[in-house]
Amino acid sequence: MMTIGIGCGADAWKVVQSANETATEDLHIRCYCCPGAVDDLSSGPFVELAVCSLPYQRIVDDLLAGKINGAVRGTLPANETLRYLKKACGVDRLERIALLETVDHQCFFLAPVGVDEGWTIQEKISLINDGRELARRFGLSEKTAVLSGGRIGDIGRHPIVDKTISDAQEIAQLTGAVHGEILIEDAVRDCGVIIAPDGISGNLIFRTLTFLGHGVGHGAPVVNISPVFVDSSRASADYGGSLRLAAALSTGKKH
């Protein structure tokens, strides 16, 4: 039996409902929430409500202490939660890779998805290595597409576009990936890992797919820390996928 924690801030009912629908005898879920947030909500037999004054701090502390096997941000505020996680884990930045699913049920890992992530060639190479490991674990293709801001034929139209193309070509050569140009619609057909030109465009891809394109975001594991922490959007319809993702990543980990 394992226990996965999830943050329960805004829309507490949505988090508790997801926990109730996902928890089993072998997968217990602990919801971290502020006093009063869940007073009118009931939890199932395998769901625990952990009421505390600073849930974003408590969930990270419990994760690092081994009291839970993995954690999902849920609806806790991003800035406070991720800042505390970064400090507690002793890293200067967090690297996240999102597991996305199109409306046609094509799954792939996408990075970078944070606006402050993946701005250098070396950061993208690191994300490719971690993304391929995730793809292996989840039975997806390790083939990787590095996107740029235009096609090869667009060189010369704008210096920023030129830079994304030259960077993508260099990254592809160094890692054995393919330069997918700007053609993400082709890349998803056979690539299990897709690298956006930068964190802004990656975040826009994620938001467009999940909030406008009827796709699904299953959460974004933080890949440069040892504990299993899956980031999630407060705008998500439910958190069952993120909870199951955290559980799958936690399987076989020692605490």
Side-chain angles (χ1 to χ4, degrees), residues 1-85 88-89 94 96-101 107 134 137-138 210-211 215-223 225-255:
M1 188 271 292
M2 72 168 58
T3 300
I4 299 297
I6 184 169
C8 192
D11 297 326
W13 63 271
K14 184 167 59 174
V15 176
V16 175
Q17 178 177 301
S18 295
N20 286 336
E21 293 173 351
T22 306
T24 66
E25 187 174 358
D26 296 322
L27 175 57
H28 289 198
I29 297 173
R30 184 179 300 166
C31 299
Y32 292 79
C33 51
C34 292
V38 293
D39 287 350
D40 57 345
L41 301 176
S42 59
S43 58
F46 307 117
V47 176
E48 173 191 350
L49 302 179
V51 179
C52 47
S53 59
L54 295 173
Y56 73 87
Q57 181 174 321
R58 174 79 174 276
I59 191 173
V60 172
D61 288 345
D62 282 1
L63 177 64
L64 269 60
K67 296 179 180 179
I68 54 177
N69 299 86
V72 176
R73 178 164 69 88
T75 59
L76 291 177
N79 286 341
E80 291 91 335
T81 307
L82 298 181
R83 186 185 303 118
Y84 188 78
L85 176 66
C89 292
L94 298 175
R96 296 167 290 177
I97 302 179
L99 176 59
L100 302 182
E101 182 176 351
C107 291
L134 287 172
R137 291 192 63 175
F138 288 89
T210 57
F211 301 139
V216 180
H218 293 292
V222 179
V223 295
I225 61 174
S226 178
V228 173
F229 189 97
V230 174
D231 196 16
S232 55
S233 171
R234 285 190 287 177
S236 297
D238 71 83
Y239 296 93
S242 296
L243 288 164
R244 287 187 288 271
L245 177 58
L249 291 170
S250 299
T251 300
K253 270 198 171 271
K254 296 181 180 180
H255 292 269

Might you point out which heavy atoms bring Val72 and Ser232 nearest each other, and give the distance in Å? CG1-OG, 3.7 Å
Considering all heavy atoms of both residues, which atom of Ala247 and which atom of Leu27 are nearest to each other, and what is their separation? CB-CD1, 3.9 Å
Evaluate the side-chain proximity of Phe229 to Leu64: yes if any heavy-atom separation is below 4.5 Å, no if none is. no
Any chance you could measure [X], atom [atom1], to [Y], atom [atom2], to the nearest 0.5 Å?
X      : Y      : atom1 : atom2 : value
Arg244 : Ser18  : CZ    : OG    : 9.0 Å
Thr22  : Leu243 : OG1   : CG    : 5.0 Å
Ile4   : Ile68  : CD1   : CD1   : 7.0 Å
Ile97  : Leu134 : CD1   : CG    : 5.0 Å
Phe46  : Thr24  : CZ    : OG1   : 7.0 Å
Asp26  : Thr3   : CG    : OG1   : 11.0 Å

Taking [X] for its side chain and [Y] for its backbone only, find out whether a donor-acceptor pair lies under 3.5 Å.
X      : Y      : result
Ser242 : His218 : yes
Asp231 : Ala220 : no
Ser250 : Asn69  : yes
Arg73  : Leu82  : no

Would Tyr239 and Val15 satisfy side chain to side chain contact (heavy atoms under 4.5 Å, CB included), going step by step from the backbone distance to the final call? CA-CA 7 Å; Tyr239 296 93; Val15 176; 4.1 Å; yes
So, Glu48 and His28: side-chain donor and acceptor under 3.5 Å apart, yes or no? no
For Tyr84 and Asp61, what are the C-alpha separation, side-chain angles and deciding distance, and is it a side chain to side chain contact (heavy atoms under 4.5 Å, CB included)? CA-CA 9 Å; Tyr84 188 78; Asp61 288 345; 2.7 Å; yes
Just wondering, more than 12 heavy atoms not from Lys67 lying within 6.0 Å of its NZ? no
